[in-house]
Peer 1: 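Quick one: the structure is below, questions incoming.
So you know, we letter chains A, B, ... as the sequences are listed, proteins then strands, and number each from 1.
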Amino acid sequence: MSGSADPAPPQTGAPAGRIKKRRDFLRAAQRGKRAARPGLVLQALATEPGSLRLGFTVTKKVGNAVVRNRARRRMKEAARLALPGLGLSGWDLVLIGRDATGKRPFGQLIGDLRGALKQTGVLP
RNA sequence: UCAGACGGCCGGACGGCCGCUGGUUCGCGAGCGAUCGCGGGCUGGAGGAAAGUCCGGGCUCCACGGGACUACGGUGCCGGCCAAUGGCCGGCGGGGGCGACCCCAGGGAAAGUGCCACAGAGAACAGACCGCCGCGGCAUGCCGCGGCAAGGGUGAAACGGUGGGGUAAGAGCCCACCGCGCUUCCGGCAACGGCGGCGGCACGGCAAACCCCACCGGGAGCAAGGCCGAAUAGGGGCGGACGGCGAGGCGCGGCAACGCGUUGUCGCAGGGGCGGUCCCGCCCUUCCGCCCGGGUUGGCCGCGCGAAGCCCGCAGCGAUGCGGGUUCCAGAGGAAUGGCCGUCCAUGCCCGGCAACGGGCAUGACAGAACCCGGCUUACAGGCCGUCUGACGCU
RNA sequence: UGGGGGAUAGUUUAACGGUAAAACUCCCGACUCUGACUCGGGCAUUCUUGGUUCGAAUCCAGGUCCCCCAG
């Protein structure tokens, strides 16, 4: 990150890890704050400072394996482009795919994510 | 040209920037080290069905000691191919189509049981409703007796079909052809086919009804299985205590037979377990203390050179086999292919134009590897190639 | 991964291989001044595609969806 010519991010938050355990997904769903947008649903759970973890999930109701994979990949890409530089720390964020996740214009999908982050209080 | 049949193939192309994941290599840092972390370079990265999980194998563990019985499941014309199959190829038989060609779970109904609604006289050891014929009676159209099963009618199906002879009317009663059954001979590895002879109709249909016959099938699955790895249970070792019978071992005594002591080493008995059952066989089977060791979660291996792909040649009608050359081609683990953009391609719509064409917009089938392989089945926008059939037109 | 079961009117359930039945709901009509009750009538691609059979909701095979069990 140091030698890169990219514009330096204004604040550096914690490096994003991955939520992999079913237990963690359920905890975020039960106790986290929730925000729905046309392109995705966000569940945000405050954890100890210094950690930032992302989870992506799509239920079988959305479609077959191709559709679900595409929805998850687009959410990952949206998170990759939108999150760095925001100085996030101390959160478990779960992004849930919906029917529209696969075909919504990508700019609007990023907008959905930003809006959901504000609604859940992750961003001011 | 139109309509159609069959076989094979493709499954958008090229490029830029930012990312993901495997391999490899270089640099820096940490560590005695295996190695780990960060950064960079190079490079690989979904399918014809990756799908459904319907068959068959490889691989791994268990049972691998057999056998019998019964049960269960599957397959079902013949021959061949394959590692194997319920797959494929080639035949045979049956059915459909003018044809190319397509479809068929296609063994057994004279082993047995069962079913065949409604209609119809009668539905499976046949039977006579309307009828037909003869004789008799009389009120010429009915009745009685007898013969018949061709015609009508019912039905999905009516106990051979068509034609002729024959007869009172009829009937395989007789004859020819067809069908059916049995059979000599011939062809074929066989299924089966052909010629001839005989029989004279006896043998309805349904086994994707029960069933019979023949053949096949050990169980489980990569969450298999292995290695590294903390507590409990279980396991192993050592020590001690208890013991239904017998054998053996050890110690002591004795020349020896033997006696005494000790011992969970073996067998029997009792209890329990191992497959659906039985026989046989195998395994386990008291308590206390100490020590060793030690599930799951996590990490690593299994984990991709294979019945492999491609290109030729030979053998074969073909499935396929053999030989030569060449290539290395995904390995994740909440699970890698995404985002943005450009050019082209295909399709549709709109605008301009007589047209060639130009411009704009939209769309890009079905679908994502999870141990691997061979088949089957199912889904699929659009397109390409080849062979063949029918009809029409022209020469 | 392995195994088992199911799909019938809007709903819940029936139906030896022979006309798809019942209850409730809904719709129409009658009765009533009106409503309820009651009475009469109506409402089916038997999940789907093929096959066997004279005939299939039923038997067989392929497909779709749902449920259950074991790990």
Side-chain angles (χ1 to χ4, degrees):
Chain A
M1 194 180 290
S2 55
S4 145
D6 291 337
Q11 311 164 338
T12 45
R18 248 327 177 30
I19 302 176
K20 293 184 174 181
K21 290 230 164 57
R22 174 174 169 77
R23 201 171 40 235
D24 297 332
F25 279 92
L26 292 179
R27 194 180 54 185
Q30 283 169 7
R31 294 191 293 197
K33 291 178 184 171
R34 184 183 170 88
R37 288 291 182 275
L40 54 85
V41 175
L42 175 70
Q43 292 168 341
L45 177 67
T47 60
E48 69 268 22
S51 96
L52 176 63
R53 297 196 303 173
L54 298 175
F56 304 89
T57 185
V58 187
T59 68
K60 280 196 176 177
K61 236 189 292 182
V62 172
N64 59 27
V66 173
V67 173
R68 296 199 306 273
N69 250 331
R70 165 163 287 260
R72 180 164 40 234
R73 285 164 177 162
R74 298 193 76 194
M75 288 192 296
K76 282 165 66 179
E77 183 70 10
R80 184 179 76 86
L81 294 177
L83 259 50
L86 299 178
L88 297 179
S89 179
W91 292 97
D92 270 5
L93 301 176
V94 174
L95 281 71
I96 303 174
R98 319 184 64 179
D99 289 354
T101 308
K103 25 180 201 185
R104 190 162 172 81
F106 194 70
Q108 294 183 29
L109 190 62
I110 291 182
D112 287 341
L113 177 58
R114 291 213 173 94
L117 286 171
K118 281 176 185 156
Q119 183 181 333
T120 51
V122 178
L123 286 181

Peer 1: Check A/Leu54 against A/Ala79 and note the closest heavy-atom contact, atom names and distance.
Peer 2: CD1-CB, 4.3 Å
Peer 1: Tell me whether A/Ile96 is reachable from A/Leu113 by hopping between hydrophobic residues (I, L, V, M, F, W, Y) whose side-chain heavy atoms are closer than 4.5 Å.
Peer 2: no
Peer 1: Atom OG1 of A/Thr101 and atom CG of A/Leu95: how far apart are they, to the nearest 0.5 Å?
Peer 2: 9.0 Å
Peer 1: Name the pairs: protein N/O against N/O of nucleotides 362-364 of chain B, kept only if under 3.5 Å.
Peer 2:
none

Peer 1: Say we look at B/C373 and B/C310: how far apart would their P atoms be, to the nearest angstrom?
Peer 2: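 Nearest-Å result for B/C373 against B/C310 at atom P: 15 Å.
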Peer 1: Please name the residue in the list A/Lys33, A/Arg27, A/Arg31 that meets the salt bridge (charged side-chain N to carboxylate O under 4.0 Å, His left out) test with A/Asp92.
Peer 2: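 Of all the options given, the one that passes is A/Arg27.
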Peer 1: In the strands shown, is B/C81 matched to any nucleotide by a Watson-Crick or G-U wobble pair with both distances under 3.5 Å, and which?
Peer 2: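 When the pairing criteria are applied, B/G87 turns out to be the nucleotide that pairs with B/C81.
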Peer 1: Taking atom C1' in both B/A128 and B/C116, compute the distance separating them and give it to the nearest angstrom.
Peer 2: 22 Å
Peer 1: First locate atom NZ of A/Lys103, then atom CZ of A/Arg74, and finally report the distance between them rounded to the nearest 0.5 Å.
Peer 2: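 Between A/Lys103 NZ and A/Arg74 CZ, I get 11.0 Å after rounding to 0.5 Å.
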Peer 1: Would you mind pulling out the nucleotide paired to C/C26, Watson-Crick or G-U wobble, both distances under 3.5 Å?
Peer 2: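 Across all strands, the one nucleotide that pairs with C/C26 is C/G42.
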Peer 1: Atom CZ in A/Arg73, atom CZ in A/Phe56: separation rounded to 0.5 Å?
Peer 2: 13.0 Å
Peer 1: Looking only at the side chains, is there a donor atom on one of A/Gln119 and A/Arg34 sitting less than 3.5 Å from an acceptor on the other?
Peer 2: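 There is no such pair (donor and acceptor under 3.5 Å, judged by atom type) between the side chains of A/Gln119 and A/Arg34.
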Peer 1: Centroid distance below 5.5 Å plus an interplanar angle below 30 degrees: do A/Phe25 and B/G334 meet both conditions?
Peer 2: yes
Peer 1: Need the pair for B/C314. Rule: Watson-Crick or G-U wobble, both distances under 3.5 Å, any strand; none if unpaired.
Peer 2: B/G321
Peer 1: For A/Arg68 and B/A367, what is the distance between atoms CZ and P respectively, to the nearest whole Å?
Peer 2: 13 Å
Peer 1: Do A/Met75 and A/Leu83 land in one hydrophobic cluster if side-chain heavy atoms of ILVMFWY residues count as linked below 4.5 Å?
Peer 2: yes
Peer 1: Which value, rounded to the nearest 0.5 Å, describes the distance between A/Arg80 atom CZ and A/Ile110 atom CD1?
Peer 2: 9.5 Å
Peer 1: Hey, any chance A/Trp91 and A/Leu42 share a hydrophobic cluster, counting ILVMFWY side chains that come within less than 4.5 Å of each other, even indirectly?
Peer 2: yes
Peer 1: Quick check on RNA chain B: between A/Val67 and A/Phe56, whose nearest nucleotide comes earlier from the 5' end?
Peer 2: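 Taking each residue's closest nucleotide, the earlier one in sequence belongs to A/Phe56.
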Peer 1: For nucleotides 337-343 of chain B, print each protein N/O atom paired with a nucleotide N/O atom at under 3.5 Å, atom names and distance only.
Peer 2:
residue: B/U337; atom: OP2; partner: A/Arg73; partner atom: NE; Å: 3.0
residue: B/U337; atom: OP2; partner: A/Arg73; partner atom: NH2; Å: 3.2
residue: B/G338; atom: OP1; partner: A/Arg73; partner atom: NH1; Å: 3.3
residue: B/G338; atom: N2; partner: A/Glu77; partner atom: OE1; Å: 3.4
residue: B/G338; atom: N2; partner: A/Glu77; partner atom: OE2; Å: 3.1
residue: B/G339; atom: OP1; partner: A/Arg70; partner atom: NH1; Å: 3.1

Peer 1: With a 3.5 angstrom cut-off on both distances, give the Watson-Crick or G-U wobble partner of B/A49, or none if there isn't one.
Peer 2: none
Peer 1: Is there a Watson-Crick or G-U wobble partner for B/U75 with both distances under 3.5 Å, and if so, which one is it?
Peer 2: B/A214
Peer 1: Can you tell me the pairing partner of B/U326 across any strand shown, Watson-Crick or G-U wobble, with both distances under 3.5 angstrom?
Peer 2: B/G309
Peer 1: Under 4.0 Å: is that the gap between some side-chain N or O of A/Asn64 and OP1 or OP2 of B/A51?
Peer 2: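 No, outside the criterion.
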Peer 1: Pairing check on B/C142: which nucleotide meets the Watson-Crick or G-U wobble criteria with it, both distances under 3.5 Å?
Peer 2: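 In the structure as shown, B/C142 has B/G137 as its Watson-Crick or wobble partner.
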Peer 1: Using O4'-C1'-N9-C4 for purines and O4'-C1'-N1-C2 for pyrimidines, with syn meaning within 90° of 0, is C/C43 syn or anti?
Peer 2: anti
Peer 1: According to the Watson-Crick and G-U wobble definitions, with both distances under 3.5 Å, which nucleotide is paired to B/A123?
Peer 2: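 B/A123 is unpaired by these criteria.
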Peer 1: Can you tell me, in whole Å, how much space there is between the C1' of C/G4 and that of C/U25?
Peer 2: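 Going atom to atom, C1' in each nucleotide, I get 34 Å.
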Peer 1: Quote, to the nearest angstrom, the C1' distance that separates B/C213 from B/G107.
Peer 2: 8 Å
